[in-house]
Amino acid sequence: MAPLPEQFLKRMQERLGKDFPAFFASYGRPPARGLRVNTLKISPEEFARRAPFPLGETIGEAGFYIEEEKPGADPYHFAGLYYLQEPSAMTVGSMSVECPKKRVLDLCAAPGGKTTHVAAQMAGEGVLIANEVNYSRAKILSQNVERMGICNSAVISASPETLAARFPAYFDLVLADAPCSGEGMFKKEENAIPEWSEANVARCAERQREILDCAADMVCLGGRLLYSTCTFAEEEDEWQIEDFLARHPAFTLLGMKKLYPHTFRGEGHFCALLRRDEGESFPAKPFPVHRSIQAEKAYRAFAEDFFTAPPQGTVHTLADGRMYLVPAGMPALAGVSLLRLGVELGEWDGKLFRPAHALAMAYGDRARRKIMLPREAAKAYLRGETLASDAQNGWCVVCVEEYPLGLGKAVNGTVKNHLPKGLRMAKDVLR
Ligand code: SAM
């Protein structure tokens, strides 16, 4: 690790006093790693029984410490059974457990740690809008939402200002996991060290102030605002919240948590939970669903045959034949880039319905025809190989054990691989 900035150390020494040596010593230890079990797909107890590598102590409701070097290169990871998350970042989700979650916005969501955590708590109820202003990062967020099988969300890319103008006093929970000076990332991201300066702390604090003002505008009466950073600077943490409360007297501070690497086995995080006690609540226009009788008929015929219990809901069909299951209560999202809406069902070309990968990830457990592969054989599927199988001809869901990985199409003793090309793994990548 590169030497820590002198000015940073001086500031930490002033802040921590007698605790500074313990804080400093924490940089001599390897970074703490964690995973959070996706309870939309498996219970933490069941995951612990099947875990492909040793799990350490638990973190919160569904997290575990791990030592594994390549935890992302495992078929269970592809099946969305877990999300790799820095242990102290799981505190944000722990603070949101009791919050109302009918209409949730994650304002700074990529790559999806907090989004996927809150989605697991929502268990398919309510609507979760996951926003990321940076479009290429929003694509990664969208992939993670798909992998985790989240069915009640939309992934969008817009600035906080655009969203604040569109959704005044609408959400009952807004998460603002703001970009920050990343003092808690020094071990994980080497770039965070040379980028650190007092001037950058001040710039981050200014940007956070703007993000928080937009976030506040979108919280409805009685709703919550959950702010977090992975830095220790007061300007971005405690003082930011003090300053926010002075500008927004309608909000009450419900709690703050600051984790340091010498007080918690993790790299550090700050979270503040606020409630809006004055103001109003406004509805938003509902999502304008476009229906196509023929396309829906084709999908419903497919779903009756494919699923034991076809997923229910409103089907939205685009002019090009792509179809989506829209979560109940989804608001209109005009004027923002929409990367993912509910669950992509598939595509109708006027003659045939072709199911989408997202459908297998969200509802594949209900499929009638599942090919349940042991872990080694599942790796062949993840590499894009064709499988031998005596499955009945037609679309099927390919699983690692009983956990869906994607689609296949059985044709006379073989299963053609329909895993999207961009998700396939090179031979030597998988553990
Ligand atoms: N919540 C994410 C998670 O748990 O995986 C991490 C979010 S990261 C700390 C902050 C995000 O804010 C980044 O993805 C960054 O692109 C985005 N961001 C940067 N500038 C922003 C701005 N001005 N307004 C909103 N978001 C911004």
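Ligands are counted one by one from 1 in listed order, and the atoms in each one are counted from 1 as well. Reckoned from all heavy atoms, side chains included, excluding hydrogens, waters and symmetry mates.
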(message) Using modelled atom types and a 3.5 Å cut-off, is there a donor and acceptor pairing between side-chain atoms of Lys258 and backbone atoms of Phe232?
(response) yes

(message) I need the atoms of ligand 1 closer than 4.0 Å to a non-hydrogen atom of Gly112, numbered in the order shown.
(response) 3 (C), 5 (O)

(message) Test of understanding: given a 4.0 Å heavy-atom threshold, classify the contact between Arg137 and ligand 1 as side chain, backbone, both, or neither.
(response) side chain

(request) Would you mind checking which non-hydrogen protein atom is closest to atom 12 (O) of ligand 1, with the distance to 0.1 Å? (result) Cys108 CB, 3.4 Å

(message) Just to confirm my output: which protein heavy-atom neighbour is closest to atom 27 (C) of ligand 1, and how far is it?
(response) Val133 CG1, 3.4 Å

(request) Can you sort out which atoms of ligand 1 are near Arg207, meaning under 4.0 Å from one of its heavy atoms? (result) 20 (N), 23 (N)

(request) Just need the protein heavy atom nearest to atom 6 (C) of ligand 1, so name the residue and atom and give the distance. (result) Ala110 O, 3.0 Å

(request) State plainly whether the residues Arg11 and Glu234 are in salt-bridge range, i.e. N to O under 4.0 Å. (result) no

(message) Return the closest protein heavy atom for atom 25 (C) of ligand 1 as residue, atom name and distance.
(response) Pro160 CG, 3.5 Å

(message) For Ile66, is there any backbone N or O sitting under 3.5 Å from a side-chain donor or acceptor partner on Arg33?
(response) no

(message) Can you tell me if Phe24 has over 12 outside heavy atoms packed within less than 6.0 Å of its CZ?
(response) no

(message) Looking only at protein heavy atoms, which one is nearest to atom 4 (O) of ligand 1, and what is the separation?
(response) Lys114 CD, 2.9 Å

(message) If you count every heavy atom of other residues, nucleotides or ligands that lies below 6.0 Å from Glu14 atom CD, does the total exceed 12?
(response) yes

(request) Return the orientation label for the Tyr27 and Phe23 ring planes: parallel under 30°, perpendicular over 60°, tilted otherwise. (result) perpendicular

(request) Name the closest protein heavy atom to atom 22 (C) of ligand 1, giving the residue it belongs to and the distance to 0.1 Å. (result) Ile211 CD1, 3.7 Å

(message) If the cut-off is 4.0 Å to any non-hydrogen atom of Asp177, which atoms of ligand 1 fall inside it?
(response) 1 (N), 2 (C), 3 (C), 4 (O), 6 (C), 7 (C), 8 (S), 9 (C), 10 (C)

(message) Do the side chains of Arg50 and Glu402 get close enough for a salt bridge, i.e. N-O under 4.0 angstrom?
(response) yes

(message) Do the side chains of Arg424 and Glu385 get close enough for a salt bridge, i.e. N-O under 4.0 angstrom?
(response) no

(message) Is the ring pair Tyr82/His77 parallel, tilted or perpendicular, if the boundaries are 30 and 60 degrees?
(response) tilted

(request) Would you mind checking if Glu146 and Arg340 are paired as a salt bridge, meaning a charged N to carboxylate O distance below 4.0 Å? (result) yes

(request) Determine whether the side chain, the backbone, both or neither of Ala178 has a heavy atom under 4.0 Å from any heavy atom of ligand 1. (result) backbone

(message) Gln85 versus ligand 1: do any nitrogen or oxygen atoms come within less than 3.5 Å of each other?
(response) no

(message) Checking the N or O distance criterion of under 3.5 Å, is ligand 1 in contact with Tyr83?
(response) no

(request) Please confirm whether Glu132 comes within less than 3.5 Å of ligand 1 when only nitrogen or oxygen atoms on both sides are compared. (result) yes

(request) Considering only non-hydrogen protein atoms, determine which one is nearest to atom 19 (C) of ligand 1 and report residue, atom name and distance to 0.1 Å. (result) Pro179 CG, 3.5 Å

(message) Can you confirm, on distance only, whether ligand 1 has an N/O atom lying under 3.5 Å from any N/O atom belonging to Gly113?
(response) yes

(message) Within the structure, is a non-hydrogen atom of Cys180 found at a distance of less than 4.0 Å from ligand 1?
(response) no

(request) Describe, in one word, how the ring planes of Phe302 and Phe353 are oriented to each other, choosing from parallel (under 30°), tilted (30 to 60°) and perpendicular (over 60°). (result) tilted

